[in-house]
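We count ligands from 1, going down the list as the structure has it; atoms in each ligand are counted the same way. Positions are given from 1 along the sequence. Everything quoted here is computed from the prediction, not taken from an experiment.
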Amino acid sequence: MGSIEAARKEANGSLTEKKPCVVFVLGGPGSGKGTQCANIVQHFGYTHLSAGDLLRAEIKSGSENGTMIQNMIKEGKIVPSEVTIKLLQKAMLESGNDKFLIDGFPRNEENRAAFEAVTKIEPAFVLFFNCPEEEMERRLLNRNQGREDDNIETIRKRFKVFLESSLPVIEYYNAKGKVREIDAAKSIEDVFEDVKVIFTPKEEQVATA
Ligand code: UDP
Ligand code: MG
């Protein structure tokens with residue numbers, strides 16, 4: 001136990017020292033977070049960390065938390081912060097990069113406060129993909145990624161959790177002037193045009209009109 005705790009502290013220390021640039025990528029299920037993160041990685045050199053993907057990998061790895069995580073995902077519930085934060089910290093360290101897109105996290109106030117308390121990292125900004133529920137539902141039901149939570153019953157629960165628990169996180173950062181909102185109902189290409197503007201330094205932006 002002692003050595004694990006020491007290792008955790010050391011890992012955290014080296015993360016804090018690096019002062020990485022973190023962008024939280026938030027939006028309802030099916031709003032296009034993962035798709036657009038892949039585009040951002042290609043153009044802007046970030047490392048993409050999807051909290052959901054890390055949790056699904058943890059289930060597959062046969063970890064002792066696997067069954068608990070699997071049950072929570074099936075119910076659309078939010079996995080305890082400490083589990084998700086540990087996975088994110090580990091992935092950040094292993095990447096060797098200092099610019100991260102953290103996709104699908106923090107999902108509630110507790111996630112947010114715990115991440116800031118444990119890592120001492122504040123996001124540079126929050127990229128918010130705003131998309132109507134009907135469009136998100138259509139995408140989730142059509143994407144066929146074999147996900148156990150892409151069925152109408154779980155989708156409804158995920159929408160409810162997003163509205164009740166995740167939107168307040170976006171509001172919290174909005175009050176701090178940190179939210180960059182994107183109309184995510186458009187095509188992948190059109191959304192990425194808007195995303196690019198946000199990631200391109202002001203002095204490099206040229207008028208296209
Ligand atoms: N999840 C979680 N904490 C996180 C991220 C994901 O508990 O920080 C769980 C939650 O049950 C969620 C599921 O993983 O409904 C799928 O999340 P993901 O972000 O992959 O789905 P998306 O919202 O992008 O469709
Ligand atoms: Mg996703």
Side-chain angles (χ1 to χ4, degrees), residues 22-41 46-61 63 65-92 100-119 121 123 126-170 172-173 182 184-185 188 191 195:
V22 165
V23 175
F24 287 146
V25 182
L26 300 177
S31 60
K33 303 181 293 287
T35 303
Q36 295 298 333
C37 280
N39 284 337
I40 299 165
V41 164
Y46 280 75
T47 292
H48 174 209
L49 301 177
S50 156
D53 287 352
L54 289 170
L55 290 167
R56 284 183 285 272
E58 188 69 0
I59 298 171
K60 274 206 187 138
S61 78
S63 118
N65 284 323
T67 311
M68 178 272 290
I69 298 172
Q70 188 168 24
N71 289 331
M72 300 208 75
I73 289 181
K74 238 187 262 170
E75 288 301 313
K77 291 184 180 156
I78 299 167
V79 172
S81 295
E82 56 168 81
V83 173
T84 316
I85 291 171
K86 250 185 230 161
L87 293 172
L88 286 169
Q89 280 183 299
K90 185 162 172 277
M92 286 171 86
F100 301 96
L101 302 168
I102 297 193
D103 155 8
F105 179 95
R107 274 179 136 80
N108 61 14
E109 271 296 297
E110 202 264 325
N111 274 180
R112 180 196 65 71
F115 182 84
E116 285 190 14
V118 172
T119 65
I121 296 169
V126 173
L127 189 61
F128 169 37
F129 290 111
N130 197 359
C131 193
E133 234 176 66
E134 312 81 68
E135 174 62 15
M136 295 197 286
E137 183 178 303
R138 197 183 59 76
R139 291 178 187 175
L140 293 171
L141 292 174
N142 285 314
R143 70 182 177 183
N144 290 322
Q145 293 175 344
R147 276 177 50 168
E148 270 189 304
D149 58 348
D150 282 348
N151 58 79
I152 192 63
E153 198 191 332
T154 311
I155 288 169
R156 295 258 150 85
K157 291 179 182 165
R158 288 157 70 197
F159 283 159
K160 190 165 183 286
V161 169
F162 176 71
L163 289 177
E164 288 176 359
S165 304
S166 310
L167 265 185
V169 175
I170 294 163
Y172 170 89
Y173 286 118
I182 298 277
I188 294 174
V191 171
V195 168

All ring-ring contact (aromatic ring centres under 6.0 Å, His included) counterparts of Y46, not counting sequence neighbours: F199

Note, K157 side chain near K77 side chain (heavy atom, < 4.5 Å): no

Heavy-atom side-chain proximity of R138 to E134 below 4.5 angstrom: no

Residue list, ring-ring contact (aromatic ring centres under 6.0 Å, His included) with F115, at least two apart or on another chain: F24, F105

Qualifying residues under side chain to side chain contact (heavy atoms under 4.5 Å, CB included), relative to E58, sequence neighbours excluded: S61, S63, I69, L87

V161 side chain reached by R107 side chain, heavy atoms, under 4.5 Å: no

Residue shell around ligand 1, heavy atom under 4.0 angstrom: P29, G30, K33, A51, G52, L55, R56, M72, I73, G76, K77, I78, V79, T84, G104, F105, R107, R143, R147, D149, R158

